[in-house]
Amino acid sequence: MNTDKIIIFDTTLRDGEQSPGINLDASEKVEIALMLEGLKVDVIEAGFAVSSPGEFDAIKAVARVVKDSTICSLSRALERDIDLTAEAVSGAASSRIHIVLATSPIHMKYKLQMTPENVLEHAVRAVLHARRYSADIEFSCEDASRSEPEFLARFVEQVIKAGATTVSLPDTVGYATPHEYGKLFTYLRNVVPNADKAVFSAHCHNDLGMAVSNSLEATRQGARQIECTINGIGERAGNASLEEIVMALHTREDFFRCRTSIETRRLTAASRLVSEITGFVVQPNKAIVGKNAFSHQSGIHQDGMLKNPLTYQIMTAAEVGADEYRLVLGKNSGRNGFRMCMRALGVEFGSDADLDVAFSRFKDIADHKASFCDEDLLATVAGMEALSREKHIA
């Protein structure tokens with residue numbers, strides 16, 4: 001089966017840091033950047049150079065230490081911004097300048113207060129200026145998903161002609177559906193005459209909970225770069241989650257026919273590091289990296305897992321660097337799961353009758369208790385201790 005390489009563009013240090021409540025200093029950015037490099041992220045967006053002197057210094061620090069990933073900084077379509085951005089990433093072994101300018105009617109009219117023609121001219125000048133510094137130029141058509149398709153096609157053609165090598169089509173406000181977003185990529189790749197001269201990129205926000213779905217659909221319609229963040233952090237409801245995108249492409253390579261270079265066994269460690277540094281707790285049921293992602297409480301599920309883990313897991317915990325799957329006891333758990341958890345505590349039942357007595361006690365407690373510690377479980381065999389332990393010792 002032939003598969004295409006998807007470039008993973010991580011913007012944890014830029015768009016992720018824009019989450020209200022996150023403020024990373026230079027040392028924290030370097031620590032996360034080195035983790036991303038170990039994860040084999042293709043492009044690391046280290047920040048927005050013009051936003052503050054400290055941000056500029058932090059980007060320079062990241063650029064100095066990272067050797068195996070391309071280091072990128074965001075820039076407005078202004079010569080001063082581009083100059084500063086180019087300086088910030090100049091020390092990198094591989095660098096990129098990322099320019100952004102809005103293309104939707106609402107943004108052009110109210111935010112930029114410019115006509116579409118002026119916006120187009122502005123964009124072309126910005127790309128030409130950036131080409132003085134680098135051959136790797138990305139242009140983001142901000143709010144692309146709410147832009148007029150005909151204007152967007154003309155815009156994309158001109159920025160590619162000016163020298164943009166990557167064109168990003170952000171769903172900036174998380175408005176698009178997968179069908180609409182994928183259709184946008186199909187349309188532009190079909191009507192823009194020089195579309196083959198640039199990589200098309202997806203950048204999705206999660207306001208309606210569709211950031212990952214939109215990003216994946218974009219790959220099916222020709223996008224070959226996805227912009228995402230660890231744990232899906234970012235503005236408002238966040239960005240597309242890197243770990244979810246990577247494992248979707250990895251697990252369903254048969255469907256997407258795409259692959260990444262990400263070292264998946266480092267995903268859990270990456271998630272924990274970002275959570276620790278930012279203070280943003282990962283929800284327990286978060287796909288791939290949540291603490292419950294490989295936990296099973298239902299008796300039916302536990303029984304299936306004990307017989308063959310493939311019955312209820314489409315990937316192994318080891319694939320993402322997590323601890324092996326857990327059987328978690330609760331009121332929905334069954335006898336088989338209870339028996340195995342007790343065995344892990346050193347308790348063996350000499351007969352089914354012994355098991356039934358202990359399991360009945362457990363169920364009585366479970367109706368009033370959400371979680372169990374080892375002492376709680378051992379209490380279910382109180383009074384049976386001699387029998388249970390002797391059987392185990394024997």
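- No more than 12 heavy atoms of other residues, nucleotides or ligands lie within 6.0 Å of OH in Tyr175, so this atom counts as exposed by the packing criterion.
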When you look at Thr115 and Glu117, which way does the side chain to side chain donor-acceptor pair (under 3.5 Å) test go after all the steps? CA-CA 5 Å; Thr115 67; Glu117 292 305 315; over 6 Å; no

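- Between Gly234 and Asn239, the shortest heavy-atom contact is CA-OD1, 3.3 Å.
- Residue Lys286 comes nearest to Asn231 through the heavy atom pair CE-O, 3.9 Å, listed as atom of the first residue, atom of the second, then distance.
- Of all heavy-atom pairs between Ser69 and Glu37, the closest is OG-CA, 3.7 Å.
- Checked by atom type and distance alone, the side chain of Ser271 never pairs as donor or acceptor with a backbone atom of Leu267 at under 3.5 Å.
- Using a 3.5 Å distance cut-off with no hydrogens or angles, the side chains of Ser201 and Glu227 do pair a donor with an acceptor.
- Legend: residues meeting side chain to side chain contact (heavy atoms under 4.5 Å, CB included) with Lys331, ordered by chain and number and at least two apart, are Ala366, Asp367.
- The environment of CG in Leu128 is crowded: more than 12 heavy-atom neighbours from other residues, nucleotides or ligands sit within 6.0 Å.
- Checked against side chain to side chain contact (heavy atoms under 4.5 Å, CB included), Ala26 has the following partners two or more places apart in sequence or in another chain: Ala58.
- Phe155 and Phe151 have tilted rings, their planes meeting at an angle from 30° to 60° on a 0 to 90° scale.
- Ion pair Arg224/Asp4 flagged as a salt bridge, since at least one NZ, NE, NH1 or NH2 atom sits closer than 4.0 Å to an Asp/Glu carboxylate oxygen.
- The list of side-chain hydrogen bond (donor to acceptor under 3.5 Å, both in side chains) pairs with a residue in residues 181-196, not counting sequence neighbours, reads Thr186-Gln221.
- The stretch residues 211-220 participates, sequence neighbours left out, in these salt bridge (Lys or Arg N to Asp or Glu O under 4.0 Å) pairs: Glu217-Arg220.
- Looking at heavy atoms from C-beta onward, Asp42 lies out of side-chain contact with Thr70 at the 4.5 angstrom threshold.
- More than 12 heavy-atom neighbours from other residues, nucleotides or ligands sit within 6.0 angstrom of NZ on Lys363.
- Contacts of Phe372 classified as ring pair (Phe, Tyr, Trp, His ring centres under 6.0 Å), with partners at least two apart in sequence or in another chain: Phe362.
- In this structure, Ala123 and Phe139 approach most closely via the heavy-atom pair CB-CZ, 3.5 Å.
- Annotation: salt bridge (Lys or Arg N to Asp or Glu O under 4.0 Å) contacts of Lys161 (sequence neighbours excluded): none.
- Counted by atom type alone, Lys5 and Thr260 present zero donor-acceptor pairs between their side chains at under 3.5 Å.
- Using modelled atom types, no side-chain atom of Glu45 and backbone atom of Phe9 make a donor-acceptor pair closer than 3.5 Å.
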Report the C-alpha separation of Cys228 and Ile8 in whole Å, then their side-chain angles, then the decisive distance to 0.1 Å, and conclude whether the side-chain contact (heavy atoms from CB on, under 4.5 Å) test is met. CA-CA 8 Å; Cys228 44; Ile8 295 297; 4.0 Å; yes

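- Side-chain atoms of Gln158 and Arg154 form no donor-acceptor pair, as typed in the model, at a separation below 3.5 Å.
- By the 4.5 Å heavy-atom criterion applied to side chains, Leu329 and Gln302 are counted as neighbours.
- Within a 6.0 Å radius of CD in Glu148, no more than 12 heavy atoms belonging to other residues, nucleotides or ligands are found.
- Rounded to the nearest 0.5 angstrom, Ile160 CD1 and Ile137 CD1 are separated by 13.5 Å.
- The shortest distance between side-chain heavy atoms of Leu184 and Leu152 falls below 4.5 Å.
- With sequence neighbours left out, Ala92 forms a side chain to side chain contact (heavy atoms under 4.5 Å, CB included) with Ala63, Ile71, Ser95.
- Using a 4.0 Å cut-off between charged nitrogen and carboxylate oxygen, Asp83 and Arg80 do not count as a salt-bridge pair.
- Checking Thr229 against Thr12 by side-chain atom types alone, no donor-acceptor pair falls below 3.5 Å.
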Evaluate the criterion side-chain contact (heavy atoms from CB on, under 4.5 Å) for residue pair Arg326 and Asn292; output intermediate values, then yes/no. CA-CA 8 Å; Arg326 296 187 303 144; Asn292 289 346; 3.6 Å; yes

Pairs under 3.5 angstrom only: tabulate donor-acceptor contacts from the side chains of residues 303-311 to other protein residues two or more places apart or in another chain.
| unit_1 | atom_1 | unit_2 | atom_2 | d |
| --- | --- | --- | --- | --- |
| Asp303 | OD1 | Asn336 | ND2 | 2.9 |
| Asp303 | OD2 | Lys307 | NZ | 2.8 |
| Asn308 | OD1 | Leu310 | N | 2.9 |
| Thr311 | OG1 | Gly304 | O | 3.0 |
| Thr311 | OG1 | Asn308 | O | 2.7 |

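- Here the straight-line distance linking atom CG of Leu273 with atom CE of Met35 works out to 5.0 Å at 0.5 Å rounding.
- Of all heavy-atom pairs spanning Ala33 and Val62, the tightest one is CB-CG1, 3.7 Å.
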Go through it in stages, so that I can follow the logic: the residues are Arg265 and Glu319, the test is salt bridge (charged side-chain N to carboxylate O under 4.0 Å, His left out), and I'd like the CA-CA distance, side-chain angles, deciding distance and then a yes or no. CA-CA 5 Å; Arg265 293 177 184 272; Glu319 286 181 273; over 6 Å; no

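- Using modelled atom types, one side-chain atom of Thr268 and one backbone atom of Val320 make a donor-acceptor pair closer than 3.5 Å.
- Legend: residues meeting salt bridge (Lys or Arg N to Asp or Glu O under 4.0 Å) with Arg96, ordered by chain and number and at least two apart, are Asp136, Glu138.
- Taking the six-membered ring for Trp and thresholds of 30 and 60 degrees, Tyr312 and His301 have nearly parallel ring planes, at less than 30 degrees apart.
- Rounding to the nearest 0.5 Å gives a distance of 5.0 Å between NE2 of His122 and CG of Leu78.
- No more than 12 heavy atoms of other residues, nucleotides or ligands sit less than 6.0 Å from atom CD1 of Ile300.
- A tilted orientation is assigned to the rings of Phe359 and Phe338, their planes being inclined by 30° to 60°.
- Counting only heavy atoms from C-beta outward, the side chains of Gln113 and Met108 never approach each other to under 4.5 Å.
- Among residues two or more places apart in sequence or in another chain, the side chain to side chain contact (heavy atoms under 4.5 Å, CB included) test is passed with Gln297 by Val328, Asn332, Ser333.
- In terms of heavy atoms, Val89 sits closest to Cys72 at CG1-C, 4.1 Å.
- Among pairs with a residue in residues 46-63, those fulfilling salt bridge (Lys or Arg N to Asp or Glu O under 4.0 Å) read Lys29-Glu55, at least two apart in sequence or across chains.
- For the residue pair His98 and Ser73, no side-chain donor N or O sits within less than 3.5 Å of a side-chain acceptor on the partner.
- Contacts of Arg266 classified as salt bridge (Lys or Arg N to Asp or Glu O under 4.0 Å), with partners at least two apart in sequence or in another chain: none.
- At least one donor-acceptor pair closer than 3.5 Å links the side chain of Ser90 to the backbone N or O of Glu87.
- Judged by distance alone, with hydrogens and angles left aside, the side-chain atoms of Ser134 form no donor-acceptor pair with the main-chain N or O of Arg131 at under 3.5 Å.
- With hydrogens and angles disregarded, no donor-acceptor distance shorter than 3.5 Å links the side chain of Ser360 to the backbone of Val357.
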